[in-house]
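Step one of this worksheet: look at the structure below.
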Amino acid sequence: MLSGCGLESGGAVPLRVGPGGIQPSPELDGVTITVGSKDFTEQNILGYLVEFAMTAAGANVRDLTNIQGSNSLRDAQLHGQIDVAYDYTGTGWINYLGNETPVPSELGQFEAVRDADHAAHGMVWTAMAPMNNTYALVTSSRTAEETGVRTLSDYARLVATDPAAAATCVGTEFNVRQDGYPGLARKYGIDVGKVRKQIMQDPLVYQATADARQCRFGSVAATDGRIPALNLVLLQDDLAFFPKYNAALVLRADFHDAHPRIAEIMAPISALLTNEVITDLNRQVDVDGREPAEVARDWLVARGFVTAE
């Protein structure tokens, strides 16, 4: 049974179009659109951006944000329980389509997953955003200064020479995904038997790495707002292991073909979602304690897409 966050935080606020904003669309008037997202801050924000935009366009929005895990969201889309969601090009290419080698460029990765997923599963990827929420390893600024570790090659050498100094906290998915630690270890020649690794829930990794007591390095999502807030340092992926994870709108082909206006409305919104923008939106939730729905709504209002009455 799928269940979502609901729009208690933001959906009760009436919306109207602002000057130059989203206009009511005859093509979407009264159309029911079920919007999904995964169960972390950035995904919830992205899901609410879709929901508020579609509401302003006149659609009847059904909320199924906050679904646990990538595979559950994907299955819900494939089986028609969800009509539209933001997903990540690297996740599509590696996890959904089973490829092992990422495409180096952001546009190339988008085009590859777009074409392959349409051919194999009848899915449409569109409205790619410039934000690239790739996996990364971080360390505290103090640890970076003490160890001189600035790149993943530096980290690999530290694991080899002083495993205790390279104690690493990793999220549960990152620990097992081929685009996570297993692939990282292969690419950088890390002996996994030497790694002092502690597995924990993703949200706990940030503070644990900043404190540098449980671990001195940690796995993160590169656009998380806690990275600048905790003064964490992203290690450079100098061998270009991590795939590109640009966010893009994903719909079933039949639903997209029936309602092409959805992608047209979302394209200019996606175009503004840079790493800097989404990191700040994530920070407002994870650091400032705001609700994802409020953050998404207020950003759309500030950019003139909608006006809150």
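These values consider heavy atoms only, across backbone and side chains, with no hydrogens, waters or symmetry-generated copies.
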Rounded to the nearest 0.5 Å, what separation is found between the OG atom of S270 and the CG atom of L49? 8.5 Å
Please test E42 against T223 for side chain to side chain donor-acceptor pair (under 3.5 Å), starting from the C-alpha separation and ending with a verdict. CA-CA 8 Å; E42 180 171 291; T223 55; 2.5 Å; yes
Is it the case that the side chain of Q23 and the backbone of G21 share a donor-acceptor pair, with hydrogens and angles ignored and the cut-off at 3.5 Å? yes
For S153 and D238: C-alpha separation, side-chain torsions, deciding distance, then whether side chain to side chain donor-acceptor pair (under 3.5 Å) applies. CA-CA 7 Å; S153 289; D238 51 310; 2.5 Å; yes
Can you check side-chain contact (heavy atoms from CB on, under 4.5 Å) on N175 and K197, steps first, answer last? CA-CA 9 Å; N175 185 54; K197 188 168 56 174; 2.9 Å; yes
For E264, is there an ion pair with R261 - N to carboxylate O distance below 4.0 angstrom? yes
Looking only at side-chain N and O atoms, does T65 offer a donor or acceptor that is under 3.5 Å from a partner on D63? yes
Using modelled atom types and a 3.5 Å cut-off, is there a donor and acceptor pairing between side-chain atoms of R252 and backbone atoms of I82? yes
Can you check side-chain contact (heavy atoms from CB on, under 4.5 Å) on F241 and L184, steps first, answer last? CA-CA 7 Å; F241 162 70; L184 171 71; 3.8 Å; yes
Are E294 and Q284 packed together at the side-chain level, in the sense that at least one heavy-atom pair is separated by less than 4.5 angstrom? no
For the residue pair V287 and A229, what are the closest heavy atoms and their distance? CG2-CB, 3.6 Å
Would you find a donor on one side and an acceptor on the other, under 3.5 Å apart, between the side chain of D224 and the backbone of N282? no
I'd like to know if the side chain of H79 reaches the main chain of D75, judged simply by a donor and an acceptor atom lying under 3.5 Å from each other, with no hydrogens or angles considered. yes
Distance in Å, E111 CD paired with M128 CE, rounded so as to fall on 0.5 Å steps: 8.5 Å
Taking atom types as modelled and ignoring hydrogens, do the side chains of R186 and Q178 form a donor-acceptor contact shorter than 3.5 angstrom? yes
Are any of the side-chain nitrogens in R290 or D288 under 4.0 Å away from the carboxylate oxygens of its partner? no
Is any side-chain heavy atom of M54 less than 4.5 Å from a side-chain heavy atom of I265? yes
Going by heavy atoms in the side chains, are V220 and L137 under 4.5 Å from each other? no
Report the residue from Y155, Y206, Y181 that forms a ring pair (Phe, Tyr, Trp, His ring centres under 6.0 Å) with F217. Y155
Residues V295 and V285: closest non-hydrogen pair is CG2-CG2, 3.8 Å
Check: L249 and Y86 side chains under 4.5 Å, non-hydrogen atoms: yes
Give the C-alpha distance, both sets of side-chain angles, the deciding distance and a yes or no for ring-ring contact (aromatic ring centres under 6.0 Å, His included) between F174 and Y135. CA-CA 8 Å; F174 185 83; Y135 274 133; 4.9 Å; yes
Taking all atoms of both residues into account, what is the closest heavy-atom pair of F242 and A136, and its distance? CE1-CA, 3.9 Å
Taking side chain as C-beta onward, heavy atoms only, is Q214 less than 4.5 Å from Q198? yes
Would you confirm whether D191, through its side chain, and G193, through its main-chain N or O, come within 3.5 Å as a donor-acceptor pair? yes
Linked, directly or transitively: V170 and I94 (ILVMFWY side chains, under 4.5 Å): no
Side-chain donor/acceptor pairs under 3.5 Å, residues 27-38, sequence neighbours excluded:
{"unit_1": "E27", "atom_1": "OE1", "unit_2": "S25", "atom_2": "OG", "d": "2.7"}
{"unit_1": "S37", "atom_1": "OG", "unit_2": "N44", "atom_2": "OD1", "d": "3.1"}
{"unit_1": "S37", "atom_1": "OG", "unit_2": "N66", "atom_2": "N", "d": "2.9"}
{"unit_1": "K38", "atom_1": "NZ", "unit_2": "S70", "atom_2": "OG", "d": "3.0"}
{"unit_1": "K38", "atom_1": "NZ", "unit_2": "D87", "atom_2": "OD1", "d": "2.7"}

Could you check L230 against Q207 for side-chain contact (heavy atoms from CB on, under 4.5 Å), going step by step and ending with a plain yes or no? CA-CA 7 Å; L230 293 171; Q207 190 64 57; 3.5 Å; yes
If you apply the rule side-chain contact (heavy atoms from CB on, under 4.5 Å), what do you find for Q43 with L73, and how did you get there? CA-CA 11 Å; Q43 273 281 296; L73 176 69; 4.1 Å; yes
Between the CG atom in D286 and the CG atom in L281, the distance rounded to the nearest 0.5 Å is 11.0 Å
Could you tell me whether the side chain of W93 and the main chain of P243 form a donor-acceptor pair under 3.5 Å? no
Find out whether Q77 and M123 are in side-chain contact, i.e. whether some heavy atom of one side chain is under 4.5 Å from a heavy atom of the other. yes
Angle class for the Y245/Y88 ring planes (parallel below 30°, perpendicular above 60°, tilted otherwise)? perpendicular
Hey, could you give me each pair passing disulfide (SG to SG under 2.5 Å) that has a residue in residues 190-221? Not counting sequence neighbours. C169-C215
T209, T147, T168 screened by side-chain contact (heavy atoms from CB on, under 4.5 Å) with R216, the one that passes: T147
Considering all heavy atoms of both residues, which atom of K194 and which atom of A160 are nearest to each other, and what is their separation? NZ-O, 3.5 Å
Donor + acceptor pair across side chains of R74, H121 (<3.5 Å): yes
Got a second to check how far L234's CG is from R150's CZ, nearest 0.5 Å? 11.5 Å
Are F52 and V306 in one and the same hydrophobic cluster, where Ile, Leu, Val, Met, Phe, Trp and Tyr link if side-chain heavy atoms are under 4.5 Å apart? yes
Could you check if a side-chain atom of D154 sits within less than 4.5 angstrom of a side-chain atom of L235, using non-hydrogen atoms only? no
In Å and rounded to the nearest 0.5 Å, what is the OG1 to CD distance from T41 to E291? 10.0 Å
Do you know which two heavy atoms are closest between I190 and A156, and how far apart they sit? CG1-CB, 3.7 Å
Path from V195 to L152 over hydrophobic side-chain contacts below 4.5 Å: yes
When clusters are formed by joining ILVMFWY residues with side-chain heavy atoms under 4.5 Å apart, either directly or through shared neighbours, do L272 and I45 land in the same one? yes
Is W299 reachable from M131 through a run of hydrophobic residues whose side-chain heavy atoms are each under 4.5 Å from the next? yes
Any heavy-atom pair between the side chains of V50 and M266 that's under 4.5 Å? yes
Could you measure the distance from the CG atom of L273 to the CG atom of L46? Nearest 0.5 Å is fine. 6.5 Å
Tell me the closest heavy-atom pair linking L239 and K187, and the distance in Å. O-CE, 3.2 Å
